Amino acid sequence: MGEVGGAGKSMDDIMSLCKRRGFIYQASEIYGGINGFWDYGPLGTLLKKNLRDAWWQDVIMTGCRGRKGPGGQAVRVLPLDTCIIQNPKVWEASGHVGGFNDPMVDCRACKSRFRADHLMVLHMRPASVGKDLYFSGMGTLEDVRAHNAKKLKNLGEEHESFEEYTKINEATRALVPCPDCGKVGELTAPRQFNLMFSTTIGALGDPEKDKAYLRPETAQGIFINFKNVVDTVRVKLPFGIGGSGKSFRNEVTPRNFTFRSREFEQMEVEFFCHPDEAHDWYVFWRDWRMAWWESIGLKGENLILREHDADELSHYSSGTSDVEYRFPFTAPGYGELEGIANRGCYDLTQHQEHSGAKMEYFDQEKNERFVPHCIEPAAGLDRGVLALLCEAYTPDESRPSKVFMKFHPRMAPIKAAVYPLVNKDGLPEIAEKLHGELVARFGHLGMIEYDAKQNIGKRYARMDEAGCPYCFTIDSDTLTDGTVTMRDRDTASQERIAMDKVAGFLAEKLAG
RNA sequence: GCGGGUGUAGCUCAGUGGUAGAGCGUCACGUUGCCAACGUGAAUGUCGUCGGUUCGAAUCCGAUCACCCGCUCCA
């Protein structure tokens with residue numbers, strides 16, 4: 001059954017439309033699927049491309065669409081395309097290898113989580129009790145005894161064993177109490193949490209010795225090339241480096257359609273500046289990124305900019321905001337589309353320490369040497385696509401399709417459709433000519449549909465579900481006065497416009 | 001990872017042990033000509049997968065996979 005979210009839309013209905021119209025398919029579907037992976041169909045691929053292209057155009061190619069920076073200067077962002085696989089030391093420096101590599105144990109009852117190799121189990125069989133007793137805690141034997149002091153008070157000093165939870169067999173684990181809540185049998189088996197996908201380099205590679213990782217974020221590729229860019233491109237601080245690409249995370253629980261996928265695409269910028277300017281640039285990027293998502297059709301109360309509380313911030317960040325969208329499955333809450341973080345000099349410093357390469361920037365005018373600070377606007381492309389799909393989905397009982405996809409024209413996979421009202425009387429020839437002209441001019445932006453089959457209502461209805469914003473229909477009047485019917489998706493209204501004005505009309509609408 | 005639910009045609013679903021179904025969509029032909037119209041016809045299925053019970057399984061049992069929901073997780 002469809003769960004109706006805050007936006008009043010059913011995720012089940014959206015998913016079924018995505019399949020039906022070729023937006024998104026389950027990956028490896030004919031083999032039963034694969035958890036956490038999704039493929040894009042023809043329309044979905046175009047939608048995703050349009051969103052990615054808009055980001056490239058607006059962020060990289062036109063420097064925030066010409067918006068002035070906090071000091072009134074033009075914003076410069078350079079493109080970069082780095083490898084999914086890098087030297088594993090990159091991920092040691094970034095902190096992705098390490099902390100989360102240890103086996104963990106969860107308590108199902110109180111939800112506490114413990115390092116399995118720190119969790120110790122004390123096994124006793126006191127004569128006074130005559131059966132097996134188990135106690136748990138962290139640290140040394142003394143620590144565990146102290147932790148369980150009350151219970152151990154009258155049980156003496158003798159014990160059968162004292163060992164790591166990881167060394168204990170499954171049957172015995174069921175008898176061990178949680179060190180926090182004391183409930184027995186609620187602890188899970190030790191589990192390895194490694195959110196990075198690993199792979200082996202070389203056809204004869206050793207799985208351990210030649211181990212490498214698929215990147216969990218594109219950002220590190222930018223940091224490790226910071227010096228290259230500074231040294232080989234005539235560029236001065238402040239400036240950004242950005243790009244888009246696939247990243248991979250072994251999510252504990254892939255969920256919510258494409259929202260939390262194990263393979264996903266990011267659009268990230270690292271914007272480098274003087275430490276004193278970092279906060280102003282953070283505010284700039286935060287506000288502009290919010291405005292950008294609004295500009296492509298995510299508006300109103302479904303989109304919010306949320307500043308992180310102090311206790312949410314990473315230890316190195318002095319400010320982080322999320323652009324969040326209220327998806328049907330998060331409502332009344334929100335899900336993150338993009339995080340804008342003031343990361344200080346953390347990343348460059350980490351790489352400087354781990355690699356030994358100097359990450360300092362020398363400002364000749366001020367004769368000042370420093371490690372730049374960095375603002376990171378990091379967006380999820382697939383999440384953006386999902387938000388566009390959810391936002392566009394518009395139930396409408398009054399129209400034949402019962403639903404239409406209200407994409408912003410700039411995002412729409414199909415930009416326009418050209419139809420002869422009837423498939424005779426010379427109309428197809430005129431329609432095909434107009435179609436050809438529109439393809440030549442707008443084909444690089446999206447599909448231009450042509451269809452002469454079936455009645456016109458059916459063709460309009462199909463375009464409603466595909467989210468095509470404008471249909472142009474050639475009829476017998478076109479032969480005499482040169483006008484065509486422009487049918488608007490959102491209002492289903494019709495208007496006659498001169499055929500030679502169609503391209504100009506479309507150009508204006510698609511500009512965004 | 002835990003708990004609950006679901007899985008039959010492209011989509012929505014019916015089918016509780018005995019020949020695989022419906023509506024919509026798709027395609028063809030005819031008619032019509034500005035909103036899935038009408039008529040006629042057609043194509044489309046590893047019944048999620050594997051195994052078991054049975055003379056016989058979409059149906060009963062077990063395992064497994066996938067998706068949805070609630071917790072958890074999201075460095």
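A quick note: this is a predicted structure, and the numbers were derived from the prediction, not measured.
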Is the closest side-chain donor-acceptor distance between [X] and [Y] under 3.5 Å?
| X | Y | answer |
| --- | --- | --- |
| Asp322(A) | His308(A) | yes |
| Tyr282(A) | Ser321(A) | yes |
| Asp396(A) | Thr394(A) | no |
| Thr258(A) | Tyr40(A) | no |

In Watson-Crick or G-U wobble terms, both distances under 3.5 Å, what is the partner of [N]?
| N | result |
| --- | --- |
| C71(B) | G1(B) |
| U53(B) | none |
| G25(B) | none |
| A14(B) | none |
| C35(B) | none |
| U46(B) | none |
| U19(B) | none |
| U6(B) | A66(B) |

[X] side-chain proximity, nearest of [options]:
| X | options | answer |
| --- | --- | --- |
| Arg255(A) | C35(B), G1(B), A66(B) | G1(B) |
| Ser16(A) | A66(B), C68(B), C11(B) | C11(B) |
| Lys19(A) | C73(B), G10(B), C69(B) | G10(B) |

When rounded to the nearest Å, what value does the distance between [atom1] atoms of [N] and [M] take?
| N | M | atom1 | value |
| --- | --- | --- | --- |
| G10(B) | C27(B) | P | 15 Å |
| C67(B) | G56(B) | P | 35 Å |
| G7(B) | C13(B) | P | 9 Å |
| C60(B) | U54(B) | C1' | 10 Å |
| G25(B) | U53(B) | P | 45 Å |
| G15(B) | G23(B) | C1' | 15 Å |
| C24(B) | A9(B) | C1' | 12 Å |
| U12(B) | U6(B) | C1' | 14 Å |

Interatomic distance, [X] [atom1] vs [N] [atom2] [rounded to whole Å]:
| X | N | atom1 | atom2 | answer |
| --- | --- | --- | --- | --- |
| Phe197(A) | A75(B) | CZ | P | 16 Å |
| Glu397(A) | A36(B) | CD | C1' | 13 Å |
| Lys402(A) | C35(B) | NZ | P | 15 Å |
| Tyr25(A) | C11(B) | OH | P | 10 Å |
| Glu376(A) | A75(B) | CD | C1' | 13 Å |
| Arg383(A) | C74(B) | CZ | P | 13 Å |
| Glu465(A) | U12(B) | CD | P | 12 Å |
| His96(A) | C74(B) | NE2 | C1' | 12 Å |

Measuring from atom CD of Glu217(A) to atom CE of Met196(A), what distance do you get when rounded to the nearest 0.5 angstrom?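 Result: 10.0 Å between the selected atoms.
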Q.
Distance check, rounded to the nearest 0.5 Å: Arg262(A) atom CZ versus Ser247(A) atom OG?
A.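 The distance works out to 15.5 Å.
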Whether each nucleotide of nucleotides 25-34 of chain B has a protein heavy atom under 4.0 Å at its base (B), only at its sugar-phosphate (S) or at neither (-) is summarised, 5' to 3', as -SSS----BB
Trp292(A) six-ring face occupied by Arg289(A) cation (under 6.0 Å, within 45°):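 Because its charged atom sits under 6.0 Å from the ring centre and within 45° of the axis, Arg289(A) does stack over Trp292(A).
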Does Phe404(A) have Arg399(A) sitting over its ring (NZ/CZ under 6.0 Å from centre, angle to axis within 45°)?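 Output yes; distance and angle both within limits.
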Can you pull every protein N or O that's under 3.5 Å from an N or O on nucleotides 40-49 of chain B?
from: U46(B); atom 1: O4; to: Ile30(A); atom 2: O; distance (Å): 2.8

**Report entry** Residue met sooner reading RNA chain B from 5', once Asn256(A) and Arg260(A) are mapped to nucleotides
**Finding:**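 The 5'-side residue here is Asn256(A).
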Note to self: Taking side chain to side chain contact (heavy atoms under 4.5 Å, CB included) as the criterion, tell me which of Ile430(A), Thr473(A), Val502(A), Ile474(A) meets it with Val418(A).
What the structure shows: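 The residue from Ile430(A), Thr473(A), Val502(A), Ile474(A) that satisfies side chain to side chain contact (heavy atoms under 4.5 Å, CB included) with Val418(A) turns out to be Ile474(A).
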Query raised in the report: Across the strands shown, which category fits Gly36(A) at heavy-atom distances under 4.0 angstrom: base, sugar-phosphate, nothing?
Result: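 Contact class for Gly36(A): sugar-phosphate only.
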task: Please determine if Lys458(A) and Asp451(A) form a salt bridge, counting it only when a charged side-chain N lies under 4.0 Å from a carboxylate O.
output: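 No, no charged N to carboxylate O under 4.0 Å.
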Does any non-hydrogen side-chain atom of Pro413(A) lie less than 4.5 Å from one of Met447(A)?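 No; the side chains remain at least 4.5 Å from each other.
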Open item on the list: Using ring centroids (six-membered ring only for Trp), state whether Phe327(A) and Phe257(A) fall under 6.0 Å.
Closed with: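 Not close enough - the centres of the two rings lie 6.0 Å or further apart.
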